[in-house]
Amino acid sequence: MSSLVVDLVLCGVAYVVLIYFVATLTKPKISKRGDNNDDGDGGIEDLTPPKIDLPPGIIWPSDGPKTKNPSDPLEV
């Protein structure tokens, strides 16, 4: 076997070993003890969106008029 083939085989083996270690080290660790009820980082969670102060004359589409008045037909 030529040295190129040996180098390619060794690089392939190193690649597989590297991917295996990266995959196993980045998996989240599952705790065997306890019921593992992780409710976040503690404190009270506020899931309401923030109130954004808009410039004068600008409204959110949800705050707009609920019905649209039909416009008069145009005469040509």
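Computed from a predicted structure; not experimentally measured. Residues take their numbers from the sequence shown, with the count starting at 1.
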Nearest-0.5 Å distance that lies between atom OH in Tyr20 and atom CG in Leu25:
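It is 9.0 Å, given to the nearest 0.5 Å.
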
Leu10 side, atom CG; Ser3 side, atom OG - distance, nearest 0.5 Å
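Spacing of CG (Leu10) from OG (Ser3) equals 11.0 Å.
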
Members sharing Tyr15's hydrophobic cluster (side chains within less than 4.5 Å)
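Listed partners: Ile19.
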
Supply the members, apart from Leu8, of the Ile/Leu/Val/Met/Phe/Trp/Tyr cluster built from side-chain contacts under 4.5 Å; use none for a lone residue.
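Under the 4.5 Å side-chain rule, Leu8 groups with Leu4.
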
With sequence neighbours left out, what residues match Leu54 under side chain to side chain contact (heavy atoms under 4.5 Å, CB included)?
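If we apply the side chain to side chain contact (heavy atoms under 4.5 Å, CB included) test to Leu54, skipping adjacent residues, the hits are Ile52, Ile58, Trp60.
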
